[in-house]
Each structure stands twice: as C-alpha cells, then as structure tokens.
Amino acid sequence: MSTVREATFDVLRRRGLDRLFANPGSTEITLLTDLPDDLDFVLALHEGSVVGLATGYATATDRPALVVLHTTAGLGNAVGALATARVNRTPLVVVVGQQDRRHLAARPFLAGDLDGLAGSYPVFTTMPARPQDVPGAVDRAFHEAVTARGPAVVVVPSDDWYAEADPRPLPSPVLVHRGRRPDEASVRDLAALVTAARSPALVVGADADSEPAWAALVGLAGQLGAPVWQEAFSARAGFPQDHPLFAGHLPPDRAALRGVLGGHDLVLVVGAPVFRQYQYVPGDLVEPGTTIALVTDDPEDVHHSRVDLAVLADPAATVAALASLLPGVSDGTSRTSSVSQAPPSTDPDGPLDAPTVFTELAARVPADTVVVEETPSSRPDLNRIVPARAPLGYLSAAQGGLGFGVPAAIGVKMGAPTRPVVAVVGDGSTLYGVQALWSAAHYGVGVLVLVMENGRYAIMDGLAAAAGGKPPWPAFTEVDVAGLAGSLGCEARRVATGGDLTAVLDEVVPTLADRTTPLVVVCALRS
C-alpha cells in the first residue's frame, strides 16, 4: 500500500523539489520524520527566514522552492515574507501543517483558521477535501506557483500523510508548456509608436532581468540612442547598469518623475509597473503629450498601469521582435568595461560613511557578484555607486518589508554556489532576519554580509524630520549585531575606519566565489 506521504514525495521528485526549507512544528511531524535521503532539509530559526531563504534559492535557481510551515503560528510569522515573494514574483510551493482532521470540528490545540490568513498574497490556497487529494494539490500548487510566479499554499492535516493513496493518475497535467510570444499586430503597434517618437526613453524593471532580455534591451537602446532608466524600488535590475545609455534609477514620486521624463514624448516600459511610487505627490505621472507603452508578462502590472498601449507577452521576445522592425539593428555589444575599477584612495584613518563603503565594495567585486540590498536609508547611494553588471546582479524586496536581505542572500548562495554573494543591510533591517545567520553557519554558506550600523532607523528619522516633527522612537545603539552574529555561529568583525574596511574587503572579496563560511562585517558609520 502506498501512502499519501509517499505519493507526495513522488510528486516532489518529479517536479525537482529536492530541498525543503522549514522550521518544524508538531503538526508536520508525520511528514518530516524519517525524510527520504534524496530530500534535503534546511532549517531556519524563524519562519520569516524560512521563506526568505526559499525566496533567494528560487530566485537563483529560477525554479520553485519548497517551504513547510507550522499551522497558524508558522504561517502567521511568514506572511510578510510571503508578501515579498509575491511582489518579487518568486514561485514557492508552501505546505502548511494543520491539526488532525479527525477532531478539527472540536477545535483542538493548534487548530488553525488558515483559510485567508495570508490574505491575497498566495497565488493559490487549498486544503484538499480528502487525504487522497493531497498529492494532486501539491502538484497543482507547483503549476500555480510557476504560472503565476508566487507562493502557492496547500494546507495538510497531520493525519492525511499516512492515509492510503489513490492509485489513479493525479488530477493535474504531467507537462505544461507556457508561452506568451507577442503577436505580429502587437509588435507592429509598438513599432509605430517608437518610429513616430522624436525622443523615446526606456524604463526597465525586474521582469526584464534575464540574459535574453538584457541583450534585447541593449540592442534596442543602441538603435534608438535612448536613455534607459531603472524602475524605483525594483526587486531586480532590468539592464546592465554600467552601460553608457543607463541613466539611473527613477525617482519614486510624481513631481520628480515628471522632471526626469519630461523631455521624452514616448516612454517604453519593459518588465515594470507604471510607475512604482512611494509617498503621495499630486499631479500626473508624466507631462501632457507623453505616450507610455508597457511590455510585461505580468497581468497584474498591466491591469493597474496607466498606459496608452500594453503588450502582455514575454519581454525579451517582444523587445527582440520590436527591434527587428526598426532600422539600424544593433548587436547589443556596446558596453562599458565589466571589470572592477581601480580601488579608490580612502583615508585609512578616516571614519566610514555609506558612500565610502559602497565605493570600496564596487572597486573590488567581480561583475557576476549578486548584491542583495536591504538598507533603506542608503539605498540611493548603493544604487548609484554599485551597478548591476550581470543578470541577477541585484536583488531587493520590492514589497518593502524588512527581514528579506540576510535570508535571501543565503538562499541565493545556496542556489548559485559559484557566484559571489554580498548582502548590504542596515542594522535595523538585520534584526528582522538575524536568525538566518545560524542557517548560513550551519550549512556552510559563504555569504558576505555588510551591516551598515548607525544604531537607529535612519530612514524613519529622516521622514519624521521631513514632516517637521520629532520621532518618538529611540535609537538602539545598545544592539551588538556582531555579537548576535557570533552567538549564531557566524564569524563577525566590526570596522570603523577606511583602513579597517579595505583590509577586510581585500582579504574576503577574492574568496567569495568559493567561500563556504559566512562572514558578517559591521560597518560603524559616523553620526
């Protein structure tokens, strides 16, 4: 007799879900005890870190990752991280434990009101009607996660796993072919807009972060001689940021946005919403007379974007097809150097500030480095100084919640073990996901975590000052991030001068591709 548990393991094998990220609870004990040897278990010490690790891993491998969460407490702790996975468009298969089905009606201890707990952030949520429906539900969750590019949740009561499996074929497809190639009429409409434009500009976003999309966009930008802007608060980079036509990051408010794009009669947005904003500023997004066209494979971005023309199709294929209809086809090879620049001259005895840290980092990291960002108060400096020079060169939490940077960087390194990975996080941000450092130490994950230490929520202090008031929250200078890292098994160092920083970077950066132990470097910034 085959059990539901065994049938579900067969589904996981078929779909390549061979690594399980979890923080275990009693409602999952029937699933997790005596796992098969071909399924790796990765422990994180908080559910936010569990989902963050899985999100980084899925991003690096470009395939879904498997998460197991513990009933109400586990799913509740993970909701913020699941929201980030959804906005970052990261596919996750999420199995959530539930109390024994046989006494759910009596509301036993740990029974969870799980339906809707994560809100609308999962792309799919189900609790199968029968134990025998669990394998098919997990298989469907895999397809849902891939198609909608987000977390798909299956709630499984603890007694379901040992029920007898249904021998019939699963009620889910064996193979799914997905494709959103643009139709000829859509490309012709885009070409007509571009041809008629006197001064076009490009805006790129996270959904253009792939080698084919970068190549197509470099070619199109070269043909048009058009500046290329990165969307604000993007999860990923949509264009090589060391390219001569890269113009920078869009400002996240309407007034500044109109100023930046005001000289262009056409803005072609590829792989981004139109446009990501922050604090409300009155007025239109662009000046009157500016046409906006959008190319994306994300229906949500299409449906809430104020555009004159939207093409729902694969960005790389659409841009390549568009370029083929325009004169002066470029091979996309016009690039600046992708090697590190010469190290700058930094006062070895001088205090540290964020631009100094980022300048020294940019001068040393190789082009294929993945920089995972979560440093709100110094993000503009990081984006300006440390360009993304390869696909997946930059990763951030587009949803905006804290706690992503440290676990995501660890997950990325797990999924792409030969790429250098650097997390740049604020000290306040670090505290939201600090438990993930234990996983990095335990599993030998060689990330470099640069902690920008100012002992306060600097971004919030700035917002309070801009509002003309005094913040009620205190600083937290008593927190010792290096000590916390050490208590979780990570080597940690604290640097306070330019000389301290450059010495550490010169020692560590050359080892990042092959490194198997994490290092936390706390950069004490001057007040």
Side-chain angles (χ1 to χ4, degrees), residues 55 58-59 62-65 79 82-94 116 118-126 140-153 172-173 175-190 193 202-210 212-213 216-217 230-239 250 252 267-277 285-286 291-322 395-400:
T55 300
T59 301
D62 198 26
R63 57 188 176 88
V79 168
L82 292 173
T84 294
R86 173 66 180 273
V87 179
N88 275 31
R89 302 192 70 200
T90 306
L92 301 177
V93 176
V94 183
S120 61
Y121 289 112
V123 298
F124 170 75
T125 302
T126 187
R140 177 176 175 179
F142 174 87
H143 293 309
E144 296 277 3
V146 172
T147 299
R149 291 173 64 182
V153 174
S172 55
L175 180 64
V176 176
H177 284 296
R178 299 171 179 85
R180 278 201 178 123
R181 295 195 66 82
D183 62 89
E184 293 182 6
S186 299
V187 179
R188 285 198 302 269
D189 286 349
L190 279 173
L193 286 178
L202 301 179
V203 173
V204 298
D207 292 334
D209 186 22
S210 69
L217 283 163
Q230 176 73 40
E231 66 162 323
F233 300 116
S234 183
R236 299 167 67 170
F239 192 82
L250 284 185
V267 179
L268 175 58
V269 182
V270 179
V274 178
F275 290 102
R276 199 183 304 272
Q277 302 285 284
L285 293 168
V286 294
T291 298
I292 305 176
L294 171 63
V295 175
T296 181
D297 59 358
D298 184 357
E300 288 186 70
D301 281 352
V302 166
H303 298 156
H304 72 74
S305 291
R306 302 178 187 180
V307 299
D308 299 282
L309 172 65
V311 177
L312 184 61
D314 176 73
T318 305
V319 172
L322 170 62
L395 180 62
S396 185
Q399 194 270 342

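All values below were derived from every heavy atom in this structure, side-chain atoms included, with hydrogens, water molecules and symmetry-related copies excluded. Values in this document were obtained by computation on a predicted structure and should not be read as measured data.
- Although no hydrogens or angles enter the test, the distance criterion places no donor-acceptor pair under 3.5 Å between the side chain of S396 and the main chain of A398.
- F233 and P252 make their closest contact through CE1-CB, 3.3 Å (heavy atoms, listed as atom of the first residue, atom of the second, distance).
- Between the side chain of Q399 and the backbone N or O of A85, no donor-acceptor pair lies under 3.5 Å.
- R140 pairs by the salt bridge (Lys or Arg N to Asp or Glu O under 4.0 Å) definition with E144, not counting sequence neighbours.
- Nearest approach of T318 to A313, heavy atoms of both residues: OG1-CB, 3.4 Å.
- Between the CZ atom of F142 and the CZ atom of R63 there is a distance of 9.0 Å, given to the nearest 0.5 Å.
- The backbone N or O of G271 sits nowhere less than 3.5 Å from a side-chain atom of T296 that would complete a donor-acceptor pair.
- The side chain to side chain contact (heavy atoms under 4.5 Å, CB included) test applied to Q277 returns R254, L257, F275, L285, not counting sequence neighbours.
- Note that CG of L312 and CG of L294 are 9.0 Å apart. Values are rounded to the nearest 0.5 Å.
- Exactly one residue among V274, T291, I292 makes a side-chain contact (heavy atoms from CB on, under 4.5 Å) with V286. That residue is I292.
- Using a 4.5 Å heavy-atom threshold, the side chains of V94 and P122 count as separate.
- Counting heavy atoms from C-beta on, the side chains of V269 and V295 never come closer than 4.5 Å.
- For the residue pair R178 / T147, a side-chain donor-acceptor distance below 3.5 Å is found, with atom types taken as modelled.
- Between V153 and T126 the shortest side-chain heavy-atom distance does not fall below 4.5 Å.
- Ion pairing of R149 with D297 is present here, as a side-chain N (NZ or NE/NH1/NH2) and a carboxylate O approach within less than 4.0 Å.
- Residues V270 and V203 fail the side-chain proximity criterion, which asks for heavy atoms closer than 4.5 Å.
- Listed by chain and residue number, nothing satisfies the salt bridge (Lys or Arg N to Asp or Glu O under 4.0 Å) test with R181 (two or more places apart in sequence, or in another chain).
- Side-chain atoms of H143 do not come within 3.5 Å of backbone N or O of V176 as any donor-acceptor pair.
- Rounding to the nearest 0.5 angstrom, the gap separating the OG1 atom in T59 from the CZ atom in R89 is 12.0 Å.
- At least one side-chain heavy atom of V204 sits less than 4.5 Å from a side-chain heavy atom of Q230.
- Residues meeting the side chain to side chain contact (heavy atoms under 4.5 Å, CB included) test with A216, sequence neighbours left out: V319, A320.
- Atom CG of residue D308 and atom CG of residue L193 lie 7.5 Å apart, to the nearest 0.5 angstrom.
- The shortest heavy-atom contact between A118 and L82 is CB-CD1, 4.4 Å.
- Residues A213 and A208 share a closest heavy-atom pair of CB-O, 3.2 Å.
- Remark: Y121 OH is loosely packed, at most 12 non-hydrogen atoms of other residues, nucleotides or ligands lying under 6.0 Å away.
- Taking both residues in full, the closest heavy atoms of A272 and D301 are given as C-OD2, 3.9 Å, listed atom of the first, atom of the second, then distance.
- Minimum heavy-atom separation, A145 to L92: CB-O, 3.6 Å.
- The residues D207 and R236 are annotated as not salt-bridged, no charged nitrogen and carboxylate oxygen being separated by less than 4.0 angstrom.
- Between the CG atom in D209 and the OG atom in S234 there is a gap of 8.0 Å [rounded to 0.5 Å].
- Listed by chain and residue number, D183 satisfy the side-chain hydrogen bond (donor to acceptor under 3.5 Å, both in side chains) test with S186 (two or more places apart in sequence, or in another chain).
- The distance from atom CZ of R86 to atom OG1 of T55, rounded to the nearest 0.5 Å, is 13.5 Å.
- Residues passing the salt bridge (Lys or Arg N to Asp or Glu O under 4.0 Å) test with D314: none are found, sequence neighbours excluded.
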